[in-house]
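Structure record follows, encoded as structure tokens.
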2 protein chains.
Amino acid sequence: MTNRPRIHRMTKQRQMILEVLQNTKAHPTADWIYEQVRQAVPRISLGTVYRNLRVLKEMGDIQELNYGSTYSRFDGNPAPHYHFVCQDCGKVMDIDLPLLTDYDEQVAGTVGGQVDFHRMEFYGNCSDCLT
Amino acid sequence: MTNRPRIHRMTKQRQMILEVLQNTKAHPTADWIYEQVRQAVPRISLGTVYRNLRVLKEMGDIQELNYGSTYSRFDGNPAPHYHFVCQDCGKVMDIDLPLLTDYDEQVAGTVGGQVDFHRMEFYGNCSDCLT
DNA sequence: GTACGTGCAAATATTTTGCAGCAGT
DNA sequence: ACTGCTGCAAAATATTTGCACGTAC
């Protein structure tokens, strides 16, 4: 019994959440997204935001990040890329450097499994927090 | 007013938590550690486990990992190394490959900040979950 | 003896979910 | 019309914290 593929509808809420995420470089939290979308869709609920973030992630339109926090951040750019996290202010920035794709094969060899993708995060202090 | 450095005591609880963590390759959760330590120190509380994990992390004896989960995992090996995460069974394994330390400088250049360290996680299926 | 650590329980913080009505296709 | 989606509120999950007592140094 293979289950019929789920059909996704493009609601006003889902549309807005995706737009907000695609128009910021801030890698925001669910709550920040909620506050933004609320300005256009006042009666939206936080539960709806979470549900849509999960669906958008499953559809491959966004990605979820959780770097050393108790909460998740979301990225409107689904293409693999690395991140820099400032340990002082918590800011997350995109890193514009080529991916180390060759490493995946080596890792697959040492663990004896299959590697689909990898992630890399750099930690330190951003220029604003160096003084 | 610089505040006097905090002096850490080695209690039976802290000792046991560190030992449990150093004697497993499982990258366990706080709750798993709690259950293990409970066998030696029955009246220990989960709060104490969390408090000690934070202290041990601050002292640089262990590290905290949170890879796409709602909970943290802990690693008794404080030396930097990469991890492989099985997307099927959730297992976390150590990767025994050289660190890409040269990359830190390049990233520092592109973000205009200072890079202290980086992390890298590989995602895929472990040999047990390939069938 | 001092002050850090502990157990306990309650509080916080983040995310998920049941349900009845709404709405995209 | 069918079935996915929403708002609301309550529940679930993971972690933190206040307090009075205990204990390492």
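Hydrogens, waters and symmetry mates are skipped; everything else that's a heavy atom, side chains included, is used. So you know, we letter chains A, B, ... as the sequences are listed, proteins then strands, and number each from 1. Keep in mind that what you see is a predicted model, and the values were worked out from it rather than measured.
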(message) Any base atoms under 4.0 Å from Thr29(A), or only sugar-phosphate, or nothing? Heavy atoms, all strands.
(response) nothing
(message) Suppose we call a contact any N or O donor and acceptor under 3.5 Å apart; does that hold for the side chain of Arg43(B) and the base of dG7(C)?
(response) no
(message) Let me check something: do Val85(A) and Leu130(A) share a hydrophobic cluster, defined by ILVMFWY side-chain heavy atoms less than 4.5 Å apart, either directly or through other members?
(response) no
(message) Under the side-chain contact (heavy atoms from CB on, under 4.5 Å) test against Gln13(B), which residue among Leu18(B), Val49(B), Val41(B) passes?
(response) Val41(B)
(request) For Asn52(B) and dG7(C), give me the distance from atom CG to atom C1', rounded to whole Å. (result) 13 Å
(message) If you assign Arg14(B) and Pro42(B) each to the DNA chain C nucleotide with the nearest heavy atom, which residue ends up on the more 5' nucleotide?
(response) Arg14(B)
(message) Using only modelled atom types and a 3.5 angstrom limit, is any donor from either the side chain of Arg51(A) or the base of dG4(D) paired with an acceptor on the other?
(response) no
(message) Whole angstroms only, please: what is the CD-C1' distance between Glu64(A) and dT16(C)?
(response) 13 Å
(request) Between Gln13(A) and Ile7(B), just flag the one whose closest nucleotide in DNA chain D comes earlier from the 5' side. (result) Gln13(A)
(message) Side chain of Ser45(B), heavy atoms from C-beta onward: which of dC8(C), dG7(D), dG5(C) has the nearest atom to it?
(response) dC8(C)
(message) Pairing donors with acceptors under 3.5 angstrom, does anything connect the side chains of Ser72(A) and Glu64(A)?
(response) yes
(message) Ring centroids only, cut at 6.0 angstrom: are Phe84(A) and Phe122(A) within range, meaning strictly under it?
(response) no
(request) Output the single nucleotide from dT25(C), dT15(C), dC5(D) whose closest atom is nearest the side chain of Met10(A). (result) dT25(C)
(message) Need one value for Tyr50(B): base, sugar-phosphate or nothing, where a base atom within 4.0 Å counts as base even if backbone is also close, heavy atoms only.
(response) base
(message) If you go through the side-chain atoms of Arg9(B), does one of them form a donor-acceptor pair with the base of dC25(D) closer than 3.5 Å?
(response) no
(message) I need the CD1-C1' distance between Ile44(A) and dC22(C), as an integer number of Å.
(response) 15 Å
(request) Let me know, please, whether Lys12(B) or Arg54(B) comes out on the 5' side of the other along DNA chain D by nearest nucleotide. (result) Arg54(B)
(request) Give one of base, sugar-phosphate or nothing for Asp31(A), where a contact means two heavy atoms less than 4.0 Å apart. (result) nothing
(request) Can you tell me the distance, in whole Å, between the OH atom of Tyr34(B) and the C1' atom of dT15(D)? (result) 14 Å
(request) Could you check whether the rings of Tyr67(B) and Tyr123(B) sit parallel, tilted or perpendicular, using 30° and 60° as the cut-offs? (result) perpendicular
